[in-house]
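Below, all heavy atoms of this structure are taken into account, side chains as well, without hydrogens, waters or symmetry copies. Atoms within each ligand, like the ligands themselves, are counted from 1 in listed order.
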Amino acid sequence: MFRPILLCVLTTLPQTGPARVSEAAQYRQQVRQDARQELVDLAQFIPGLRLDIRYATPHNLTGQRIYPEAAAFLRRPVAEDLRRVQQTLARQGYALKIYDAYRPYAATVRLYEALPDQTYAAPPTRGSKHNRGCSVDLGLIDLKTGRDVALPTDFDAMTPAAHSDYQQLPAAALRHRAILHQAMQQHGFRNYPAEWWHFDHQGWEQYPLLDLPFSALR
Ligand SMILES: C[C@@H](N)C(=O)N[C@H](C)C(=O)O
Ligand SMILES: [Zn+2]
């Protein structure tokens with residue numbers, strides 16, 4: 001008998017943490033006003049892209065499945081630049097493999113609970129550039145073999161070898177890291193120095209944090 005009142009109270013409680021878009025209708029309104037805000041489905045937008053979305057599996061730092069489905073979205077200008085990266089890499093015999101892209105804010109909260117270290121996981125007080133649809137985690141595939149190439153570490157290996165200036169690595173890992181970083185930098189992305197696989201797109205400040213599931217973006 002008290003449930004409707006309780007529901008009313010819960011839905012009118014103010015959000016804690018940073019301001020973020022958590023209503024699909026608000027996101028759609030923002031896209032109508034500014035087409036750059038659209039989160040684009042990378043699997044459809046970038047030919048030859050491989051997805052290995054680790055937070056949709058237990059193979060990530062939490063050991064748990066965080067996402068209910070494997071999907072990769074980025075804001076439209078970010079996706080356009082990533083498509084250019086894919087074209088640049090194809091001329092060198094490589095393709096991109098995506099580990100993570102847009103990440104709902106709720107997932108950032110879970111990751112920080114599992115790894116409360118600001119070097120490796122954005123704190124919920126600030127939110128992640130992944131929550132803005134402006135960061136992407138990725139590696140490389142060899143187009144001839146269709147297999148992963150040697151890179152410094154696995155995704156989300158939070159060790160010194162993950163740092164982008166780490167040098168005690170096999171020559172092939174150093175070479176592939178340099179190829180990836182050069183192509184990303186050429187098209188407007190900046191690497192995060194503690195994680196060789198993480199890149200932020202220039203202009204990320206122009207996009208709000210979001211807390212919408214992938215299913216709300218289609
Ligand atoms: C948790 C890790 N994959 C990651 O994305 N780290 C950066 C710093 C982030 O949380 O934005
Ligand atoms: Zn990342």
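- A122 approaches G127 most closely through the heavy-atom pair CB-O, 3.7 Å.
- At a threshold of 2.8 Å, the Zn ion (ligand 2) has no backbone or side-chain N, O or S atom of D100 nearer than that distance.
- Closest of all the heavy-atom pairs between Y27 and L212 is CB-CD1, 3.5 Å.
- Minimum-distance N/O/S atom of D137 relative to the Zn ion (ligand 2): OD1.
- Y112 and L115 fall into different hydrophobic clusters, defined by Ile, Leu, Val, Met, Phe, Trp and Tyr side-chain heavy atoms under 4.5 Å apart, directly or through other members.
- No hydrogens or angles considered: a donor-acceptor pair under 3.5 Å links the side chains of Y67 and D100.
- Put simply, the side chain of R76 never gets that close to the backbone of E38: no donor and acceptor are under 3.5 Å apart.
- Because its NZ or CZ atom is not both nearer than 6.0 Å to the ring centre of F155 and within 45° of the ring axis, R54 does not count as a cation-pi partner of that residue.
- The angle that H198 ND1 and H130 NE2 make at the Zn ion (ligand 2), rounded to 10°, works out to 100°.
- Side chains of Q37 and R75: a donor-acceptor N/O pair is present below 3.5 angstrom, by distance only.
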What does the N/O contact table under 3.5 Å look like for ligand 1?
{"unit_1": "ligand 1", "atom_1": "3 (N)", "unit_2": "Y55", "atom_2": "OH", "d": "2.8"}
{"unit_1": "ligand 1", "atom_1": "3 (N)", "unit_2": "D156", "atom_2": "OD1", "d": "2.8"}
{"unit_1": "ligand 1", "atom_1": "5 (O)", "unit_2": "R103", "atom_2": "NH1", "d": "3.1"}
{"unit_1": "ligand 1", "atom_1": "5 (O)", "unit_2": "R103", "atom_2": "NH2", "d": "2.8"}
{"unit_1": "ligand 1", "atom_1": "6 (N)", "unit_2": "Y120", "atom_2": "O", "d": "2.8"}
{"unit_1": "ligand 1", "atom_1": "6 (N)", "unit_2": "E195", "atom_2": "OE2", "d": "3.2"}
{"unit_1": "ligand 1", "atom_1": "10 (O)", "unit_2": "R103", "atom_2": "NH1", "d": "3.3"}
{"unit_1": "ligand 1", "atom_1": "10 (O)", "unit_2": "A122", "atom_2": "N", "d": "2.9"}
{"unit_1": "ligand 1", "atom_1": "11 (O)", "unit_2": "S128", "atom_2": "OG", "d": "2.6"}

